[in-house]
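Heads up: the structure comes next, in structure tokens.
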Amino acid sequence: MAKILVADDSETILLLLRTRLEMEGHEVETAADGEDVVTAVLRSPGDYDLLLLDAMMPRKSGIDALRELRENRVETPALIVSAHTDGGNGATQSDLAIAAYIPKPIDFDWLFTKIAELTGG
Amino acid sequence: LRGPPIGSQAYSRGRFRLSPSLANRLTIGFAIAFAVLTGLAVIGVARFLQQRQDFENATARSYQREIEARNDLAAGRQPGLARATVEAQQRQRQVLRNEISDETRDTALLVGAGLIAGLTGAALLFTGLISSMRRPLEDLVEASGRLASGDLDVRVKVGGLSETATLGGAFNEMAGELQRRAGERDQLERMKDEFVLTASHELRSPLTSVQGFAELLLLEREKLSPKQAETVEVILDNTRHLVRLLNDLLDLARSDAGRLTIRPEPTGAASLIEEAVRTMRAQFDTRRQELRLQVEADLPEVEADRDRIRQVLVNLLTNANEYCPEGAQIEVVARRADADVEIDVIDNGPGIPAEQLEHIFERFTRGDAGETQRVGGTGLGLAISKSLIELHGGSIDAASSPGSGSTFRIRLPAITHDRVEVT
């Protein structure tokens, strides 16, 4: 199973994501904003199989955190959770190698399928 | 209402100035023309009378002299001179008759020429006045047309006659006012759209939590009592309804803001329809309704955003499913019609009353109050469907007669492949 770094500024959503992902057998670490994500990933870049980041967070958004990581040659697959339903920006998606935008409310069956595809599990 | 009524400023300006108004000019023009023509006529008649008087006096004097000469002749005084005088007076009167005839003709000619000149002058004056009005009026007519067709920037040049200047001023004030109000309305619309977009965005996170945790509870259904499980299902149903409402409102706000976009690509209409029908199959089974699919073979491709067209079809099928009674028959028929692909969703349900059918594609139009209690729609689905289909360059219509069901027809332009004939 995969080791996943989940970032969201809402503790409730973090709890929900952690619970569901752990029920699926994944190992979950959480971060409250983009700064935490960058710090955690740069400390041990090979540690995570997948990043699941909220698009909008205070201090540093998921998009900005991912941009910083990609600039530091971190290739970890990433999913962006977004409250926007229009699928986000196509150019940003290819630039930052975002595997998919996950619209809120989250369709967990679809999320699990995506995770399985990306982590080869 | 703020400020003076439109046009009042221009009117009051006109009142305190010696204005070059058309009415004033016409009055003055008429007075001058009347005076000139009357003067000419009076002079003509006076001269004619004067000449006549002179002629009569001269003729009378001549007869007087002739009579005196004839008396001399009868009395035998200087018969030679008297006879010469009689003949001279007769010649004199002939000369006078000729003269008066010439003078009368000259006077008539003079007066006639004067009248013609006066009338021509008056005609020129009035033509000039009328043409001085024509230009500003034509400008006004043209500007009104442009204003009516939505060009709120249009203004006319104010000047010339006070009537047209007043009219032009009033027109410009009106156009300015319209523009100001349109600007305010646009700003309000933008604020509303922004509000809906932001609200929809902000509501999504808490809804994610509610739906997520309700789903989580149902994953452990075996630990819940039947009553609890049912309660959680109610929470979940309502959350899904809220999400649907939110998505619909968002689509509408985007549509209003001109930001509802589609990503069309060549798509097989048949597979799209089959996909939508497959999604909805379970709901129809639940209500023991018969859902039939009849797709013409070799249906051409359409330029379509798959997700959006599926959304429209699912919306139409959901309506049929929810508004038709149990056991109803619903049919989806797809065929080529001229340059379009036509997709009909036909049901044999209760139908739609004419007064509702008229407004069916307007937002928040829904079926009867009693029906909508049971049916969980948002009243926005058809309005969004219409926007989406129109974005595809197609059309959507509804036909119904109460008691014998309804038909919703989508028309999407088919992709025509211009094949090059190889010989």
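For clarity, every value in this text was computed on a predicted model and none was experimentally measured. So that the names make sense, note that chain A is the first sequence line, chain B the second, and so on, each numbered from 1. All values below come from the heavy atoms of this structure, side chains included, with hydrogens, waters and symmetry mates left out.
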Original post:
How long is the gap from CG on A:D8 to OG1 on B:T208, to the nearest 0.5 Å?
Top reply: 8.5 Å

Original post:
Is the number of heavy atoms from other residues, nucleotides or ligands within 6.0 Å of CD (B:E290) greater than 12?
Top reply: yes

Original post:
Applying the side chain to side chain contact (heavy atoms under 4.5 Å, CB included) test to B:S209, which of A:I106, A:I13, A:L15 qualifies?
Top reply: A:I13

**OP:** Search all heavy atoms of B:L216 against all heavy atoms of A:T19 and return the closest pair with its distance.
**Re:** CD2-CG2, 3.7 Å

**OP:** Rounded to the nearest 0.5 Å, what's the gap from CE on A:M56 to CD on B:E202? Could you check?
**Re:** 6.5 Å

**OP:** Below 4.5 Å from any heavy atom of chain A, which atoms of B:L246 appear? Answer side chain, backbone, both or neither.
**Re:** neither

**OP:** Kindly indicate whether the side chain of B:L219, heavy atoms from C-beta on, has any atom under 4.5 Å from the side chain of A:R20.
**Re:** yes

**OP:** Going by the side chain to side chain contact (heavy atoms under 4.5 Å, CB included) test, name the single residue among A:P105, A:P103, A:S82 that passes it with B:R204.
**Re:** A:P105

**OP:** Answer yes or no: are there more than 12 heavy-atom neighbours, outside B:Q187 itself, under 6.0 Å from its atom CD?
**Re:** no

